[in-house]
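Each remark here refers to the structure printed beneath this line.
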There are 2 protein chains.
Amino acid sequence: MSMSKCEQCIIKQFNSLKALTRDELMRISACKTSKTIKKGDVIFEEGESLNGIFCIKDGVCKLTKLSANGKDQIIKLVEKGQILGQRSLISDERTNLRATAINDMELCFIPKSEIMNDLQKNNNFTMDMLKDMADDLKEADDIIVNMAQKSVRQRLAEALLDINDNFGTNPDGTLSVLLSREDFASIVGTATESAIRVLSQFKKEGLISTKGKHIKIEDIEGLKRIE
Amino acid sequence: MSMSKCEQCIIKQFNSLKALTRDELMRISACKTSKTIKKGDVIFEEGESLNGIFCIKDGVCKLTKLSANGKDQIIKLVEKGQILGQRSLISDERTNLRATAINDMELCFIPKSEIMNDLQKNNNFTMDMLKDMADDLKEADDIIVNMAQKSVRQRLAEALLDINDNFGTNPDGTLSVLLSREDFASIVGTATESAIRVLSQFKKEGLISTKGKHIKIEDIEGLKRIE
DNA sequence: TTTAAAATATGATATATGTCATGTTTTTTC
DNA sequence: GAAAAAACATGACATATATCATATTTTAAA
């Protein structure tokens with residue numbers, strides 16, 4: 001149980017919770033629980049019945065879905081400031097995705113009853129949630145088109161650029177989100193060996209450099225030019 | 001301009017508009033406009049700025065997105081009872097998809113100001129919209145996984161089953177939504193020739209039969225078994 | 001009806017990607 | 001720091017799908 005208060009938490013600025021009143025935040029603060037998740041740990045399983053939502057205080061996780069052939073597909077990377085589990089809460093369904101920590105994380109868990117109550121009473125909060133969901137849907141549409149129409153090479157180049165844009169880099173210029181080659185394969189929807197091959201190719205072409213699994217983008221324009 | 005009244009329209013049962021009060025529906029009825037759209041006509045273009053939403057009174061349309069390589073990707077088929085354009089209205093953005101009539105359609109156009117006003121004031125309406133959006137998002141997640149992990153053959157079999165389930169059949173057993181081979185290719189994200197080849201193969205295997213472009217599913221279980 | 005245009009069909013071939021095998025490097029564990 | 005495990009890398013080959021060419025059939029237009 002954390003001592004920190006939601007109404008003072010900077011994180012809330014970045015998600016729908018910002019639409020809540022001071023009173024509502026204080027009520028949430030009183031019933032929330034904090035938890036630490038280690039890299040690789042599962043936050044919730046696909047098909048699990050969630051009793052609330054998670055607000056990510058620190059760290060990054062991946063949302064994956066198991067396909068019929070047994071491979072995990074990464075649908076989205078979610079980072080500090082964003083919330084998890086809202087879709088299943090709103091639809092009152094079991095989760096359709098699994099959430100797994102990419103690095104060590106700090107989460108706050110807010111019980112369903114509290115969120116549903118706020119959604120019922122605070123229309124600004126509902127509208128904010130709706131806007132976020134609309135954004136997610138638009139993003140999903142883009143992913144569908146990319147999956148359907150672009151080559152693995154193009155998708156991987158875009159994935160690198162996306163991660164660079166959305167999560168930034170370490171002081172040494174390497175991508176701050178550290179993903180395995182298997183993760184990259186799972187983002188672009190290809191075999192791990194294919195992802196490895198394409199990354200090796202990018203390296204040969206001077207578009208990226210690698211030290212171990214750390215990747216540094218060396219030529220942003222070059223990656224953008226891959227069509 | 002149509003004489004029919006929203007508050008008496010059966011269509012509203014099937015979408016978020018059912019959450020509106022009688023008063024709200026009467027106000028909408030007073031400012032809505034009806035229009036007829038011919039098969040093949042574009043309802044709105046990708047990147048267009050919409051001034052309201054469309055409620056589909058009759059007919060089916062496709063939502064497509066143009067990919068970098070110049071091919072259209074069908075993201076979703078939308079039918080009688082559903083609404084169009086809500087995503088861009090809520091995000092206050094230009095549309096990210098084009099809507100094209102698959103057959104002759106009847107639409108009601110409801111101005112933005114009216115919808116935004118109702119969203120502001122009627123929380124049930126907002127919640128309903130949110131639930132619909134959450135459902136759409138879940139569906140999109142499934143499509144992403146299918147695109148990434150399944151073969152053209154599997155995706156096409158699923159597309160046929162989906163259309164059968166969601167839109168039903170004519171008295172003679174053929175699928176009631178009449179799509180060109182190019183449309184099928186655009187749904188599963190493949191070349192038109194590939195879609196044609198797979199459909200021919202299904203025909204040889206006795207899974208479907210065709211008369212012209214009319215397709216009849218002959219063996220539902222067989223199609224489901226394609227893995 | 002005749003003609004033109006569009007859609008469907010199919011073959012031949014090229015290409016991208018998947019799969020399996022195997023070796024090397026990196027990371028983890030004791 | 002050594003041993004074990006995991007991740008990465010790359011070759012060889014199989015397979016799915018795209019592309020191009022060219023019929024054939026269906027639909028639309030004159």
Side-chain angles (χ1 to χ4, degrees), chain A residues 38-41 67-73 100 102-104 146-157 159-160 174-175 177-205 208-216 226-227, chain B residues 38-41 67-73 102-104 146-157 159-160 174-175 178-205 208-216 226-227:
Chain A
K38 289 232 178 78
K39 174 181 171 174
D41 281 357
S67 81
N69 65 23
K71 277 191 195 167
D72 270 327
Q73 177 67 32
T100 312
I102 293 275
N103 44 37
D104 291 349
N146 286 345
M147 286 293 176
Q149 309 274 3
K150 295 191 176 175
S151 66
V152 168
R153 192 175 152 81
Q154 290 172 320
R155 280 180 269 151
L156 195 39
L160 288 168
T174 57
L175 295 178
V177 181
L178 191 59
L179 296 171
S180 66
R181 300 294 192 262
E182 194 179 359
D183 284 331
F184 277 109
S186 174
I187 289 173
V188 303
T190 191
T192 306
E193 296 96 322
S194 297
I196 290 174
R197 254 180 259 273
V198 173
L199 286 173
S200 299
Q201 189 58 34
F202 285 170
K203 205 166 145 186
K204 271 184 201 150
E205 296 171 28
I208 62 171
S209 61
T210 63
K211 323 174 199 174
K213 57 199 307 183
H214 292 268
I215 294 177
K216 184 176 175 183
I226 292 178
E227 277 302 335
Chain B
K38 288 232 179 77
K39 173 180 175 177
D41 281 357
S67 82
N69 65 24
K71 278 190 197 167
D72 271 327
Q73 176 67 31
I102 293 275
N103 43 38
D104 291 349
N146 286 345
M147 286 291 175
Q149 310 273 3
K150 295 192 174 170
S151 67
V152 168
R153 191 175 151 82
Q154 289 171 320
R155 279 180 271 152
L156 195 40
L160 289 169
T174 58
L175 295 178
L178 191 59
L179 297 171
S180 67
R181 300 295 191 263
E182 193 179 0
D183 284 332
F184 277 109
S186 173
I187 289 173
V188 303
T190 192
T192 305
E193 296 95 321
S194 298
I196 290 174
R197 253 181 259 273
V198 173
L199 286 173
S200 299
Q201 188 59 34
F202 284 170
K203 205 166 145 187
K204 270 185 201 149
E205 296 171 27
I208 63 171
S209 61
T210 63
K211 325 176 196 169
K213 56 198 308 182
H214 292 268
I215 294 177
K216 183 176 177 184
I226 292 178
E227 279 298 337

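Chain letters run A, B, ... following the sequence lines, proteins first and then strands; every chain starts at 1. Because the structure is a prediction, the values reported are computed rather than measured.
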- prompt: What residues in residues 147-156 of chain B put a non-hydrogen atom under 4.0 Å from any atom of DNA chain C?
  reply: none
task: With the side chain counted from C-beta on, respond yes when B:K71 and B:S186 share a heavy-atom pair under 4.5 Å apart, and no when they do not.
output: no
field: Nucleic acid contacts - residues 190-198 of chain A versus DNA chain D, non-hydrogen atoms under 4.0 Å
entry: A:E193, A:I196, A:R197
Please report, rounded to the nearest Å, how far the [atom2] atom of [N] is from the [atom1] atom of [X].
X      : N      : atom1 : atom2 : answer
B:K38  : D:dA28 : NZ    : P     : 14 Å
B:K203 : D:dT25 : NZ    : P     : 11 Å
A:D183 : D:dA6  : CG    : P     : 16 Å
B:K213 : D:dT27 : NZ    : C1'   : 9 Å
A:H214 : C:dT25 : NE2   : C1'   : 15 Å
B:F184 : C:dA7  : CZ    : P     : 15 Å
A:K211 : D:dC8  : NZ    : C1'   : 18 Å
A:L178 : D:dA7  : CG    : C1'   : 12 Å

How long is the span from the [atom1] atom in [X] to the [atom2] atom in [Y], to the nearest 0.5 Å?
X      : Y      : atom1 : atom2 : answer
A:I215 : A:L199 : CD1   : CG    : 5.0 Å
B:M147 : A:Q149 : CE    : CD    : 8.0 Å
B:I208 : B:K203 : CD1   : NZ    : 7.5 Å
B:I102 : B:D41  : CD1   : CG    : 12.5 Å

task: Keeping the roles fixed (side chain from A:T210, backbone from A:K213), state whether a donor-acceptor pair exists under 3.5 Å.
output: no
field: Whether B:N103 side chain and B:K39 backbone form a donor-acceptor pair below 3.5 Å
entry: no
- prompt: Which one of B:L160, B:I187, B:V188 satisfies the side chain to side chain contact (heavy atoms under 4.5 Å, CB included) criterion with B:R155?
  reply: B:V188
Closest-nucleotide ordering on DNA chain C, the 5'-leading residue of A:G212 and B:L199: B:L199
message: Between B:S67 and A:K150, do the side chains contain a donor N or O and an acceptor N or O under 3.5 Å apart?
response: no
query: With a 4.0 Å cut-off on heavy atoms, is B:K71 in touch with a base, just the backbone sugar-phosphate, or nothing at all?
result: sugar-phosphate
message: Less than 4.0 angstrom between a side-chain N/O of A:S180 and OP1 or OP2 of D:dA6, yes or no?
response: no
field: Among C:dT10, C:dA7, D:dA9, the one nearest A:R181 by side-chain distance
entry: D:dA9
